[in-house]
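For the numbers below, each heavy atom of this structure counts, side chains included, while hydrogens, waters and symmetry mates do not. Letters A, B, ... mirror the listed sequences (proteins, then strands); counts begin at 1. Bear in mind the structure is a predicted one, so any value in this text is a computation, not a measurement.
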Protein chains: 2
Amino acid sequence: MQNIEYLKQYLISHEIKPSTIRLNALDYLLKNRIHPTADDIYEAVAKNIPTLSKTSIYNTIDLFLEKGIIQALDTGEKEHRFDIEVSTHGHFLCRNCNKIFDFNIDSIKYDQSKLDDFLIEERKVLFKGICKNCQDS
Amino acid sequence: MQNIEYLKQYLISHEIKPSTIRLNALDYLLKNRIHPTADDIYEAVAKNIPTLSKTSIYNTIDLFLEKGIIQALDTGEKEHRFDIEVSTHGHFLCRNCNKIFDFNIDSIKYDQSKLDDFLIEERKVLFKGICKNCQDS
DNA sequence: TAAAGAACTTGTAACCATTACTATTTTACA
DNA sequence: TGTAAAATAGTAATGGTTACAAGTTCTTTA
C-alpha cells in the first residue's frame with residue numbers, strides 16, 4: 001500500500017475517518033478497477049489484515065456507498081459489484097468472462113414526457129453481451 | 001381470465017406449451033404491468049390455483065425468460081422484477097413507492113470505440129429517483 | 001494521564017430470495 | 001389403455017447479505 005497520505009486525504013475529504021481496513025479497501029479499489037464483489041475486496045484486504053471479518057467489509061462498503069465514493073452495480077449476477085468510479089458511465093458485462101468494461105455515455109435521448117416532473121437522481125446503463133476477447137477465442 | 005384462446009396462442013407462438021399455471025401467469029402479467037416480483041405473481045396465480053407451489057412459479061418464470069416473453073429487471077432491490085414488455089425501453093424506479101415506470105429510449109450516444117467489436121445483446125437503462133406522485137405528497 | 005464514551009471491529013446467527021432435488025401427478029401419444 | 005415425458009408440488013439446501021451482541025481501539029476531556 002503506497003501513498004498512505006493520499007489515501008487518508010481521499011477518505012477524509014469524503015467525511016470518512018481513515019482506519020486500516022478502510023485504507024486497505026480504498027487502496028484495493030483504486031488499484032484494481034475490476035468492479036469487484038464484496039468477497040473480492042474481502043479476500044484482498046484479508047491478505048494484509050488476517051483477522052479481518054466479512055462484516056467489516058460489508059460495513060466499509062456501506063459506508064463508502066453512503067459517502068458516495070463507490071457505486072453499486074446490479075448486473076443480474078447474485079453478488080453485487082462495486083465501482084470506485086462514481087461518475088455516470090455505462091457498463092458492459094461480458095456473459096462469458098463476467099468482466100465489466102466501462103464506457104462513456106454522451107447522452108441518452110428518451111421520451112421526457114413520460115418522466116415529466118420526475119426527480120432523476122441516478123442513471124444506470126448496462127449492456128450485456130460478449131466482449132472482443134471472448135469472441136476471438 | 002378471459003381470452004383463453006388468445007393466451008394459448010401467445011404461448012404456443014413462443015414455443016411454450018400452455019398449462020393452467022402458465023396461462024394464469026401470462027394473464028396476470030399482461031393485465032398487471034407493474035413489473036411484479038416472483039412473489040407477486042405467485043400470490044396472484046395462487047388465488048386461482050390453491051395448490052400452487054412457489055417452485056412452479058419460478059419454473060414458469062425461467063421458461064418465460066428462456067423463451068423471451070418476459071425480461072428480468074435488477075433494480076438493486078433484493079427481489080428480481082419481471083416485465084412482460086420485452087422491447088428495449090427504460091425503467092424508472094421510484095425510491096419512495098418502489099413503482100417502476102417505463103419510458104421509451106430513442107438513442108444512447110456512447111463512446112463506441114470502447115466497445116469496438118463487442119457483441120451487444122442487451123441494453124438496460126435504469127433511472128432512479130422520486131416520481132411525480134411521491135414529490136407531490 | 002486516566003477514565004468515560006464513542007467509534008470500530010469481530011464472530012455468530014439469522015434472513016430470505018432463489019435453486020436443487022425428489023416424489024407425485026398429469027399429459028401426450030402409440 | 002399403457003407407457004414415457006412433461007409438469008407440478010413440497011421440502012431442503014444455498015449463499016450473499018444483514019442483524020445483533022460482545023469485544024477492542026480510539027478520542028475526548030477532566
Practice prompt. Hey, could you give me the CG/CZ distance between A:Leu119 and B:Arg95, rounded to the nearest 0.5 Å?
Written response: 9.0 Å

Worksheet entry | A:Ile16 CD1 - D:dC26 P separation (whole Å) | 19 Å

Discussion item. On the nucleotide D:dG16, are OP1 or OP2 found under 4.0 Å from the side-chain N or O atoms that A:His80 carries?
Written reply: no

Worksheet item: Strictly by modelled atom types, are B:Asp83 and B:His89 linked by a side-chain donor-acceptor pair under 3.5 Å?
Response: yes

Discussion item. Can you measure A:Asp74 atom CG to C:dA17 atom P for me and round it to whole angstrom units?
Written reply: 16 Å

Response to the item:
Separation of C:dT19 atom C1' from B:Glu79 atom CD, nearest Å, is 17 Å

Practice prompt. Take atom CZ of B:Phe82 and atom P of C:dA17, then tell me their distance rounded to the nearest Å.
Written response: 12 Å

Practice prompt. Specify whether B:Phe103 and B:Phe127 have parallel, tilted or perpendicular ring planes, treating 30° as the upper limit for parallel and 60° as the lower limit for perpendicular.
Written response: tilted

Fill in: Between D:dG16 (C1') and B:Lys78 (NZ): distance, integer Å
11 Å

Item to complete: Take atom CG of B:Asn24 and atom C1' of D:dT8, then tell me their distance rounded to the nearest Å.
Response: 14 Å

Worksheet, complete the sentence: In whole angstroms, the gap separating P of C:dT19 from CD of A:Glu77 amounts to 14 Å

Worksheet entry | Sub-4.0 Å heavy-atom contacts from residues 50-69 of chain B onto DNA chain C, ordered by number | B:Thr55, B:Tyr58

Fill in: Same apolar cluster: B:Ile57 and B:Leu30, side chain cutoff 4.5 Å
yes

Fill in: Upstream residue (5' side of DNA chain C) when B:Lys17 and A:Ser19 are each assigned their closest nucleotide
A:Ser19

Item to complete: Examine B:Phe82 together with B:Phe64 and report whether their ring centres are nearer than 6.0 Å.
Response: no

Worksheet item: Rounded to the nearest Å, what distance is computed from the OH atom of residue B:Tyr42 to the P atom of nucleotide C:dC16?
Response: 17 Å

Item to complete: Could you verify whether a donor N or O on one side chain and an acceptor N or O on the other, from A:Asn59 and A:Ser56, lie under 3.5 Å apart?
Response: no

